[in-house]
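Below, all heavy atoms of this structure are taken into account, side chains as well, without hydrogens, waters or symmetry copies.
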Amino acid sequence: MNEVQGPTPAGTSRPYRSLPEALRAHRIDPVNHAFIGEIVDQIGVTSLIDRGRYIEAIRRGEGAALHIGRTYTNGFTEDEVVTVGSTRLRLQPSEGRAPYFYVTHPSEFAPPTAVRAKRSSAPRTPAAPRTPAAPKPVERDYGVCDVCFMVKTPAGGCGCD
């Protein structure tokens with residue numbers, strides 16, 4: 001977990017009014033919104049601040065602020081019990097923010113949803129051999145009649161003859 005700490009690269013940090021606003025601003029996968037919402041409700045967060053690469057969630061009580069990234073939430077202690085629904089989350093040690101622990105968001109475990117065209121189950125039949133296309137007829141210029149200005153026929157006549 002390598003993450004940038006402190007204010008945004010431009011030196012500005014802005015607070016968010018709500019968690020949904022923060023999640024939309026950071027383009028966090030909508031699959032993770034309910035999951036992150038339950039964590040934030042359980043921990044008790046007083047404010048959410050934009051830190052550039054993550055959202056900093058300040059806790060109501062004691063404890064480190066949570067860092068909510070696109071694929072993880074970081075800032076838990078080793079003995080902290082975090083449950084979402086009835087599932088106890090497995091905390092993993094943070095590489096960039098020791099001694100804290102992080103949890104991976106559900107979108108990282110979901111299989112990628114690639115849309116593929118279905119193939120028919122019928123056996124393939126060999127394609128018919130290609131026949132060369134008929135040659136295009138060559139257009140020739142037979143001239144224009146001086147009287148009626150119509151195109152002359154190959155015999156040299158026109159409509160006024």
Roughly how far, to the nearest 0.5 Å, is the SG atom of Cys145 from the CE atom of Met150?
9.0 Å
Could you measure the distance from the CG atom of Asp29 to the CD1 atom of Ile36? Nearest 0.5 Å is fine.
9.0 Å
Check whether any side-chain N or O of [X] sits under 3.5 Å from a backbone N or O of [Y] as a donor-acceptor pair, and report yes or no.
{"X": "Thr153", "Y": "Gly157", "value": "yes"}
{"X": "Glu38", "Y": "Gly85", "value": "yes"}
{"X": "His33", "Y": "Ile28", "value": "yes"}

Can you list the steps and then say if Ile55 with Leu23 is a side-chain contact (heavy atoms from CB on, under 4.5 Å)?
CA-CA 8 Å; Ile55 303 164; Leu23 297 176; 4.1 Å; yes
[X] versus [Y], closest heavy-atom pair with distance:
{"X": "Arg90", "Y": "Val103", "value": "O-CG2, 4.3 Å"}
{"X": "Asn74", "Y": "Phe101", "value": "OD1-O, 3.1 Å"}
{"X": "Pro106", "Y": "Asn32", "value": "CD-OD1, 3.3 Å"}
{"X": "Tyr54", "Y": "Tyr72", "value": "CB-OH, 4.1 Å"}
{"X": "Ala65", "Y": "Ile58", "value": "CB-CD1, 4.0 Å"}

Run the side-chain contact (heavy atoms from CB on, under 4.5 Å) test on His26 and Asp50 for me, step by step, so that the C-alpha distance in whole Å, both residues' side-chain angles and the decisive distance to 0.1 Å come before the verdict.
CA-CA 9 Å; His26 279 263; Asp50 179 11; 3.2 Å; yes
Who are the salt bridge (Lys or Arg N to Asp or Glu O under 4.0 Å) partners of Arg59, not counting sequence neighbours?
Glu80
With a cut-off of under 6.0 Å to the ring centre and 45° to the axis, is Arg97 in cation-pi contact with Tyr100?
yes
Against Leu89, only a single residue in Thr104, Ile39, Val81, Thr73 fulfils side-chain contact (heavy atoms from CB on, under 4.5 Å); can you say which?
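Answer after filtering Thr104, Ile39, Val81, Thr73: Ile39.
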Restricting to ring pair (Phe, Tyr, Trp, His ring centres under 6.0 Å), what partner residues turn up for Phe35, sequence neighbours left out?
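For Phe35, the residues satisfying ring pair (Phe, Tyr, Trp, His ring centres under 6.0 Å) (neighbours in sequence not counted) are His105.
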Out of curiosity, does Phe76 fall in the hydrophobic cluster containing Leu19 (side-chain heavy atoms, cut-off under 4.5 Å, transitive links)?
yes
Do Val82 and Leu66 belong together in a cluster built from hydrophobic side chains that touch within less than 4.5 Å?
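Cluster IDs for Val82 and Leu66 match.
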Just so I know, are the side chains of Val40 and Ile68 near enough to count as touching, which here means a heavy-atom distance under 4.5 Å?
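When only atoms from C-beta onward are counted, Ile68 and Val40 do touch, with a gap below 4.5 Å.
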Do Arg51 and His67 have side-chain heavy atoms sitting under 4.5 Å apart?
no
When you compare the side chains of Tyr16 and Glu21, does any donor N or O come within less than 3.5 Å of an acceptor on the partner?
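No, because no side-chain N or O of Tyr16 sits under 3.5 Å from a partner of the opposite role on Glu21.
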